[in-house]
Amino acid sequence: MSRINVTKSFLPPIEEYEAYLKKIWDSGQLTNQGPLLKEFEDHTKKYLGLERFHFVTNGTLALQLALKAVGVNGGEVITTPFSYVATTSAILWENATPVYADIDPETLNLDPQNIEELITPETKAILPVHVFGNPCDVEEIEKIAKKHSIKVIYDAAHAFGVTYKKKSLLSWGDISVCSFHATKLFQTIEGGCVVVNDDNITSDIELMKRFGHRWNDHQMLGINAKASEFQAAMGLCSLNYIDDVIAKRKQISSVYDGELKDTQYKKPKIREETEYNYSYYPVIFRDEESLLQAKKKLEKENIFPRRYFYPSLNTLPYLENKQSCPVSEGVAKKILSLPLYSDLNTEEVKRITEVLC
Ligand SMILES: *Cc1c(COP(=O)(O)O)cnc(C)c1O
């Protein structure tokens with residue numbers, strides 16, 4: 001029986017990538033804001049309806065740049081415990097302390113009701129995640145952030161192609177960052193972006209991502225977050241197929257929905273007025289024990305789901321002070337992401353759900 005992993009990268013027809021390789025060979029420019037990078041940024045901005053968009057090496061560096069750009073250098077950042085580890089490690093890497101606001105059990109996103117009691121004079125930013133591409137309560141978060149004059153950075157790593165109230169989900173917050181890693185819905189091999197809602201921040205990000213200088217004019221501290229022409233080429237090819245990819249994932253998700261109807265499995269509640277991207281298919285089990293049993297049975301059938309997200313980040317062993325987030329810790333133990341990618345077929349979905357039911 002063929003192996004089924006939790007995800008599989010969408011690859012465009014190889015001829016289309018080769019045509020771009022030819023262009024790279026002709027231009028001789030491999031990186032450093034080349035023509036394909038500019039083309040990719042233009043096309044993606046247009047596709048998502050965004051004004052300011054910086055293509056960078058990966059989603060983690062996008063987070064580092066965003067934190068730096070809003071002045072995080074030490075201090076505290078209020079964030080969610082239910083995410084991939086990069087959300088927390090980016091904060092720690094900037095010498096700041098993550099302060100965890102527990103999540104809403106229905107949406108699995110940071111619950112805005114938990115934010116205000118955590119704000120101190122040391123709070124430098126709020127970093128929520130649109131978990132699995134499901135929009136946070138962006139209006140409520142914005143209200144709290146405005147009231148206390150704190151910047152909001154969204155980790156929108158899963159949110160490519162999602163619209164909320166008819167606008168790209170990446171347009172919310174002072175800054176949003178996305179990941180285009182090979183395992184994500186939309187891939188540029190490695191890659192990510194920073195989307196900014198402020199002209200001053202945009203010019204800082206553009207400088208910081210290339211060592212902080214233009215020729216011999218060193219204006220600020222920078223780092224290397226430049227994406228190459230090869231990554232831009234993959235992005236240009238992938239972008240042509242993203243609508244099909246999302247449509248196929250939607251269809252596969254509805255097969256899962258049908259097969260798992262009236263069973264123990266619960267799904268996160270997608271926010272209203274959302275055009276979803278079907279980036280993941282997570283299911284919440286009754287308890288951890290039934291999850292572990294099911295995972296073992298699936299693995300015997302050559303099916304490899306992933307425990308996204310586990311463990312809850314407030315329990316990471318290298319954190320200095322332990323904080324308690326009972327909702328997130330509970331969900332993290334019971335949630336499993338089932339395989340979902342555009343060429344997963346109906347028979348394969350049934351192979352998976354038969355083991356589960
Ligand atoms: C994947 C991911 C990241 C990191 O993105 P990379 O491109 O892999 O560096 C950050 N946050 C979340 C929530 C992610 O899923």
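Every number for a ligand or one of its atoms is a count from 1 in the order of the listing.
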Item to complete: Return yes when atom CD of Glu289 has more than 12 non-hydrogen atoms of other residues, nucleotides or ligands closer than 6.0 Å, and no otherwise.
Response: no

Item to complete: Determine, for Tyr341 and Arg249, whether the Lys NZ or Arg CZ falls below 6.0 Å from the six-membered ring centre while staying within 45 degrees of the axis.
Response: no

Worksheet item: Aromatic rings Phe186 and Phe40: how do their planes relate, parallel, tilted or perpendicular, breaks at 30° and 60°?
Response: parallel

Worksheet item: Yes or no on side chain to side chain donor-acceptor pair (under 3.5 Å) for Tyr310 and Glu329, after CA distance, side-chain angles and deciding distance?
Response: CA-CA 8 Å; Tyr310 178 82; Glu329 288 165 45; over 6 Å; no

Worksheet item: Do the rings of Phe180 and Phe55 sit parallel, tilted or perpendicular, given the 30° and 60° boundaries?
Response: tilted

Close N/O pairs between ligand 1 and protein, under 3.5 Å:
unit_1: ligand 1; atom_1: 5 (O); unit_2: Ser179; atom_2: OG; d: 3.3
unit_1: ligand 1; atom_1: 7 (O); unit_2: Gly59; atom_2: N; d: 2.8
unit_1: ligand 1; atom_1: 7 (O); unit_2: Ser179; atom_2: OG; d: 2.7
unit_1: ligand 1; atom_1: 9 (O); unit_2: Gly59; atom_2: N; d: 3.3
unit_1: ligand 1; atom_1: 9 (O); unit_2: Thr60; atom_2: N; d: 2.9
unit_1: ligand 1; atom_1: 9 (O); unit_2: Thr60; atom_2: OG1; d: 2.6
unit_1: ligand 1; atom_1: 11 (N); unit_2: Asp155; atom_2: OD1; d: 3.3
unit_1: ligand 1; atom_1: 11 (N); unit_2: Asp155; atom_2: OD2; d: 2.7
unit_1: ligand 1; atom_1: 15 (O); unit_2: His158; atom_2: NE2; d: 2.7
unit_1: ligand 1; atom_1: 15 (O); unit_2: Lys184; atom_2: NZ; d: 3.2

Donor-acceptor contacts under 3.5 Å from residues 6-14 side chains, at least two apart:
unit_1: Lys8; atom_1: NZ; unit_2: Asp343; atom_2: OD1; d: 3.3
unit_1: Lys8; atom_1: NZ; unit_2: Asp343; atom_2: OD2; d: 3.2
unit_1: Ser9; atom_1: OG; unit_2: Ala182; atom_2: O; d: 2.7

